[in-house]
Amino acid sequence: WRYLKDLGLIYPCEVSRKDLAARKSDWHAPERLGGELIFPEELRSDAERECSAPGERNWRFRVDYASGILEAEDQRLGLHVFEPGGDYGDFLVWRRDGYPSYELAVVVDDILMKITEVVRGEDLWVSTARQLELYRAFRAEPPAFYHCALVRDDSGERLAKRRDSLAIRSFREAGQSPDTLLKMADSQV
């Protein structure tokens, strides 16, 4: 947090996702990137606060919207071009509850652990752009990325804990073998 703050790359932000959603409906990333809300440049905080610690507020990374495209190579999906302000915007790096965001935590962990390859679901593809911004800020070499296809149910919805989808345990209890689950995933690629 302190390193990013000292470089002027983060700022305190009181605007929540709910506030952002209420202000304007067209600040969304393309559907292929999850359609999430993009934090627009005009809502950035101008208040410079002298802080020795993050305190009880959110902090966002200041994306350089004028920097042009950001290229990301994925070992499965190939080369992708992200547009700052169009595909992603200023993102959370520190939460008001006193903890780093997912983006900051995984990048710092990967750097400290010298991770060279990251494998995760393709629903986290847009996180790659944000994480590349952080790797650049930390002057660190990013890992190679591989984003796996998601396993989906009969209606096309991805299996997810938050929607109480079937768990691997459910397949096991129904007598399904791991091979059956792998064939299901392969057929959706």
Side-chain angles (χ1 to χ4, degrees), residues 1-17 20 27-30 32-41 43-45 49 51-150 158 160-162:
W1 174 88
R2 184 174 316 283
Y3 175 83
L4 295 172
K5 182 186 173 295
D6 289 347
L7 288 175
L9 295 174
I10 61 174
Y11 60 92
C13 181
E14 303 302 325
V15 180
S16 69
R17 278 189 262 187
L20 183 59
W27 292 333
H28 287 81
R32 64 185 165 74
L33 296 174
E36 66 183 44
L37 294 169
I38 295 176
F39 195 88
E41 197 172 5
L43 293 182
R44 287 179 175 169
S45 169
R49 299 180 187 180
C51 298
S52 58
E56 294 179 359
R57 64 180 59 94
N58 288 326
W59 288 79
R60 288 187 176 274
F61 186 90
R62 187 183 313 271
V63 171
D64 182 359
Y65 293 132
S67 67
I69 61 171
L70 176 67
E71 291 185 346
E73 181 73 34
D74 183 81
Q75 294 178 352
R76 177 178 156 261
L77 302 172
L79 181 66
H80 183 82
V81 175
F82 291 103
E83 181 186 344
D87 294 326
Y88 68 102
D90 291 2
F91 56 93
L92 201 62
V93 292
W94 201 269
R95 301 182 334 209
R96 70 179 71 230
D97 63 5
Y99 292 98
S101 70
Y102 166 78
E103 308 297 359
L104 181 59
V106 298
V107 168
V108 170
D109 282 350
D110 289 352
I111 291 169
L112 293 175
M113 293 188 295
K114 298 177 176 37
I115 299 298
T116 58
E117 296 174 304
V118 170
V119 177
R120 59 187 175 197
E122 65 186 359
D123 57 322
L124 293 174
W125 183 222
V126 73
S127 288
T128 304
R130 295 186 289 252
Q131 290 166 17
L132 287 173
E133 293 276 3
L134 288 167
Y135 281 105
R136 185 184 305 160
F138 288 120
R139 295 189 174 111
E141 185 69 29
F145 292 99
Y146 184 98
H147 289 81
C148 302
L150 302 176
R158 72 182 178 103
K161 290 184 290 187
R162 68 178 146 226

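The first residue of the sequence shown is numbered 1, and numbering continues consecutively from there.
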Closest heavy-atom pair and its distance - [X], [Y]:
X	Y	value
Cys13	Arg96	O-NH2, 4.4 Å
Arg95	Asp97	NH2-OD2, 2.6 Å
Pro54	Trp59	O-NE1, 3.0 Å
Gln75	Ala144	NE2-CB, 3.2 Å
Phe61	Ala137	CE1-CB, 4.1 Å
Pro84	Tyr65	C-CD2, 3.6 Å

Between Thr128 and His80, does any side-chain donor sit less than 3.5 Å from a side-chain acceptor? no
Under 3.5 Å, is there a donor-acceptor pair between the side chain of Asp74 and the main chain of His147? yes
All N/O donor-acceptor pairs, side-chain side in residues 99-107, below 3.5 Å, sequence neighbours left out:
residue, atom, partner, partner atom, Å
Ser101, OG, Leu92, O, 2.8
Ser101, OG, Glu103, N, 3.4
Ser101, OG, Leu104, N, 3.4
Glu103, OE1, Gln131, NE2, 2.8
Glu103, OE2, Ser127, OG, 3.2
Glu103, OE2, Arg130, NE, 2.8
Glu103, OE2, Arg130, NH2, 3.1

At what distance, to the nearest 0.5 angstrom, does [atom1] of [X] lie from [atom2] of [Y]?
X	Y	atom1	atom2	value
Glu141	Lys114	CD	NZ	13.5 Å
Arg2	Leu4	CZ	CG	11.5 Å
Leu70	Leu132	CG	CG	5.0 Å
Arg136	Asp64	CZ	CG	8.5 Å
Arg120	Tyr146	CZ	OH	14.0 Å
Asn58	Tyr11	CG	OH	10.5 Å

Could you check whether any side-chain heavy atom of Ile10 comes within less than 4.5 Å of a side-chain heavy atom of Trp94, counting everything from C-beta outward?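 Ile10 vs Trp94: side chains apart.
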Can you find a heavy atom in the side chain of Arg62 that is under 4.5 Å from one in the side chain of Glu133?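 They are not in contact (no side-chain heavy atoms under 4.5 Å apart), so the answer is no.
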The test is side chain to side chain contact (heavy atoms under 4.5 Å, CB included); show your working for Leu9 and Val93 and say whether it passes. CA-CA 10 Å; Leu9 295 174; Val93 292; over 6 Å; no
Parallel, tilted or perpendicular: which fits the ring planes of Tyr135 and Phe145, with parallel below 30° and perpendicular above 60°? perpendicular
